[in-house]
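These numbers come from a predicted model, not from an experiment. In each ligand, atom 1 is the first atom listed, and ligand 1 is the first ligand listed.
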Amino acid sequence: MPELVFFSGTMDCGKSTLALQIGHNRSARGLQGVIFTRDDRAGEGKLSSRLGLVTEAVEADEGMDLYAHLVDRISRGGRADYVIVDEAQFLAPVQIDQLARIVDDLDLDVFAFGITTDFRTKLFPGSQRLIELADRVETLQVEALCWCGARATHNARTVGGEMVVEGAQVVVGDVNQQAGEVGYEVLCRRHHQRRTTSASARAGALSPDVLPVSSA
Ligand SMILES: [Zn+2]
């Protein structure tokens, strides 16, 4: 049976790498997929991973009907054996419903990859809809680590290395930002709650509040 699977994880946990690996494994078996992404770090129409791999993708713009895109492609004689969606948290809830329809009406597997919660620990609407509709939710096992060595479970937004908790839900940035730009850092819940990034931990190294926490 085809499935809608949501692979969830923090930033920097290898989601895009796994998305590319799933695509590679299936194309090696002669299958052809349609890859959607939204706001990838490599630019529009690309799916890239931090390990340096990149492939062509369809930019899933706001308002785009993903189900209609598949139907149109197939009716023109194009092939689609499965669907991969990266950065799925940025999709609108209605687009997640379209992904479910691709599974149910077109009998295709859909593998969606995304972050569950934003920098304020709130669910992205797209991720919420995925959790509601997916046949399976898989938590990625390639775990990112907080600067303290503990499992990083939360995404922090930073400006100049300092954690911020106000602002729009979606501001595209990366874990390797330039000084003064919006960036992101994955933290354990303890350091997310205390707003202690790696930069502020270094700056306040004598404060007992920011001593490294044993990961044992
Ligand atoms: Zn930590």
Side-chain angles (χ1 to χ4, degrees), residues 5-21 37-42 47-53 85-91 111-131 134 136-216:
V5 187
F6 180 32
F7 292 95
S8 73
T10 54
M11 299 184 78
D12 217 12
C13 75
K15 287 186 304 302
S16 300
T17 304
L18 180 60
L20 286 161
Q21 184 69 45
T37 189
R38 177 81 176 268
D39 294 335
D40 187 88
R41 64 185 81 82
L47 167 57
S48 70
S49 88
R50 253 177 269 285
L51 298 187
L53 309 165
V85 186
D86 199 28
E87 308 289 3
Q89 74 276 2
F90 293 147
L91 298 186
F111 306 107
F113 294 81
I115 298 164
T116 46
T117 55
D118 69 11
F119 70 108
R120 297 161 306 189
T121 71
K122 302 296 183 193
L123 284 168
F124 283 99
S127 303
Q128 180 183 338
R129 195 68 186 133
L130 271 165
I131 290 166
R136 279 193 291 138
V137 177
E138 300 276 344
T139 304
L140 291 188
Q141 296 303 306
V142 180
E143 288 160 354
L145 297 179
C146 179
W147 58 266
C148 70
R151 262 187 75 189
T153 49
H154 288 71
N155 300 298
R157 178 179 293 169
T158 59
V159 174
E162 294 296 318
M163 182 168 155
V164 294
V165 293
E166 303 284 331
Q169 186 170 46
V170 177
V171 175
V172 176
D174 206 349
V175 290
N176 301 311
Q177 85 275 25
Q178 306 296 311
E181 284 180 5
V182 168
Y184 291 92
E185 180 173 344
V186 292
L187 297 173
C188 66
R189 187 187 58 238
R190 177 183 280 107
H191 287 126
H192 194 279
Q193 298 282 21
R194 292 177 183 171
R195 303 186 189 176
T196 311
T197 62
S198 57
S200 55
R202 278 195 301 275
L206 295 178
S207 161
D209 203 36
V210 294
L211 285 176
V213 174
S214 166
S215 58

Would you name the heavy atoms of [X] and [Y] that are closest together and state the gap between them?
X    : Y    : result
A88  : L130 : CB-CD1, 3.8 Å
Q169 : P125 : OE1-CD, 3.3 Å
I131 : T116 : CD1-CG2, 4.3 Å

Practice prompt. Mind reading off the angle at the Zn ion (ligand 1) between the SG atom of C148 and the SG atom of C146, rounded to 10°?
Written response: 100°

Discussion item. Over 60° means perpendicular and under 30° means parallel, so tell me whether F124 and F90 are parallel, tilted or perpendicular.
Written reply: perpendicular

Item to complete: Kindly confirm whether the Zn ion (ligand 1) is within less than 2.8 Å of some N/O/S atom in C188?
Response: yes

Item to complete: Check all N, O or S atoms of H191 and name the one closest to the Zn ion (ligand 1).
Response: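 When I compare the N, O and S atoms of H191, ND1 is nearest to the Zn ion (ligand 1).
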
